[in-house]
Amino acid sequence: MLIRRPPRFAMNDRDVTPQSSYMNRRDIIAGLTAATGFAAFPQTANAKVAGPETYKPLVGSKTKYKVEDPNAPWKAVTGYNNFYEFGTGKDDPAKRAHTLITDPWDVKVEGEAENIGTFALEDLIDFNALEDRIYRHRCVEAWSMVIPWVGLPLGPILQRFAPNSRAKYVQFFTKNDRKQMPGTRWPVLDWPYREGLRMDEAMNPLSFLAVGVYGRVLPNQNGAPLRLVLPWKYGYKSIKSIVGIKFMEEQPDTSWNLSAPREYGFYSNVNPQVEHPRWSQASERVIGPQTGLRGALARRDTEMFNGYADAVAGLYAGMDLHKFY
Ligand code: MTE
C-alpha cells in the first residue's frame, strides 16, 4: 500500500495538528506498512541527545576527504536520524536505540569468497589504523549534513575475504532482533534491512565503513558499532549496524527497492536530474550549524553524485542513469 501525501513544504505536523491527535496519528503511521516510504519534507526532530563526552574517543588519522562547508552540529547528526528498526520518526532512534547491544559484535561473511566465516568486530577493524573522513551525507528526503566519520575504507577489508571471480556484487545485512530493535515488530520494511553494491562500487576508495563520528564511537542511533558510508549515494544505501556481508553473482535485493521499486532503485546515486516520483532532487535543505534542526531552510543545489563525480562517474560510464536510478 503506497500512501501518497502532498508535500508539506516544511510545515511541521505540530503546526497544523493538536499534540494529542498528532501523537495518535504518528503511532498509527509508525505501524502502517511501509511503503509509506520517506516523506519529502520530514518533521524536525527534537530528541534530547547525549553529548559527545558520553562516547569513547577514537583516534583517526586525517585523510584528503573533507568538505569545505562546516560540519553539521553533533545534536543534528545524532538526534535527527533514520533507523527504522527503532521507529519511523527522526527522533525515535535517539530515544530508543539504547536497547541495541553492540558489544560483543560479530559479522557473518558468506557467499562467493575464500575466507568466509564469522568474524568479531575487532578482527575486521584495526582500531589503531582508523581514518577521519568528512563527507556530505545526502538523504533521499532532500536534506543534507556534513558529517565527520571515523573508520576504514571498505575495499581493503572486503579483499581480506578473497572474493572469487563470481563475486560481482556484495550485500549487507543489519541485525534483526525484535527485543533489541522495537521497530522490527512492524512490517515497515522487509527485515532484516539489507543493501547491496556492485563490487567495483564497493572497491571504490570513497566507500567507507564507519565505527565512529566526531572522534567518538558511533552512537547506536548512527549505526553502532559498524555502518557503511557511501557519500555519492542517497543515505539509505549507508546501512547501519551490519552483521552480515554476502558476496554474490546476481544483483542482490535491497530493502527500499523491495518496498517501493519505482521510488528507490538499486544504484540510488545522488542525481539532481532524476526526480523521485514524489519530489524533486534538484536541491536540498542543509542541516548545518547556522540552520540547526528547526532553523530556516538553507538550501543548496544538489550536485551530481553528491559532488563526488570525479571519483565515481567512471563507474557508470555508458549507463542510462534514468533507467538505472
Ligand atoms: N540502516 C538501517 N539498518 N535502517 C535504516 O532505517 N536508514 C538509512 C541509512 N541506514 C537506515 C539505515 C537512511 S534512510 C539514512 S538517510 C541513513 O541511514 C541515515 O544515517 P544517519 O542517521 O546516521 O544520518
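First listed ligand is number 1; within each ligand, the first listed atom is number 1. Predicted model, so just to flag it, every value in this text is computed and none were measured.
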Indicate whether the side chain of R96 and that of Q221 have a donor and an acceptor atom separated by less than 3.5 Å.
no
Among protein heavy atoms, which sits nearest to atom 16 (S) of ligand 1, and what does the distance come to when rounded to 0.1 Å?
C139 SG, 3.1 Å
Using a 4.0 Å heavy-atom threshold (strictly under), name the region of F38 that reaches ligand 1: side chain, backbone, both or neither.
side chain
What is the closest protein heavy atom to atom 17 (C) of ligand 1, and at what distance does it sit?
G235 O, 3.5 Å
Within the 4.0 Å heavy-atom cut-off, what E85 brings close to ligand 1 is side chain
What I want to check is whether the side chains of W256 and Y193 have a donor and an acceptor closer together than 3.5 Å.
yes
Can you check whether N81 has an N/O within less than 3.5 Å of an N/O in ligand 1?
yes
Considering only protein heavy atoms, which is closest to atom 18 (O) of ligand 1, and at what distance to one decimal place?
K240 CE, 3.4 Å
Do K175 and W105 meet the cation-pi criteria used here (NZ or CZ under 6.0 Å from the six-membered ring centre, within 45° of the axis)?
yes
Does ligand 1 have a heavy atom under 4.0 Å from the side chain of Y193, from its backbone, from both, or from neither?
side chain
Check whether the side chains of R299 and S283 place a donor and an acceptor atom closer than 3.5 Å, and report yes or no.
yes
Can you confirm whether the side chains of N82 and K90 place a donor and an acceptor under 3.5 Å from each other?
yes
Considering only heavy atoms, which of F173, W256, Y236 lies nearest to atom 13 (C) of ligand 1?
Y236
Ranking Q221, K90, R194, R227 by closest non-hydrogen atom to atom 23 (O) of ligand 1, top hit is R227
Less than 3.5 Å apart, any donor N or O on the side chain of T302 or E284 sitting next to an acceptor on the other?
yes
for atom 6 (O) of ligand 1, nearest protein heavy atom and its distance come out as Y84 N, 2.7 Å
Applying a 4.0 Å heavy-atom criterion (strictly less than), which segment of E141 is in contact with ligand 1: side chain, backbone, both, or neither?
neither
Looking only at protein heavy atoms, which one is nearest to atom 10 (N) of ligand 1, and what is the separation?
S238 O, 2.9 Å
For E53, look at atom CD and say whether over 12 heavy atoms of other residues, nucleotides or ligands are found less than 6.0 Å away.
yes
Considering heavy atoms of the protein only, find what lies nearest to atom 7 (N) of ligand 1 and give residue, atom and distance to 0.1 Å.
N82 O, 3.3 Å
When you measure from the side chain of N81 to the backbone N and O of F83, does any donor-acceptor pair fall under 3.5 Å?
no
Ligand 1 versus H137: contacting region, heavy-atom distance under 4.0 Å:
side chain
What about Y264 and Y325, are their ring centers closer than 6.0 Å?
no
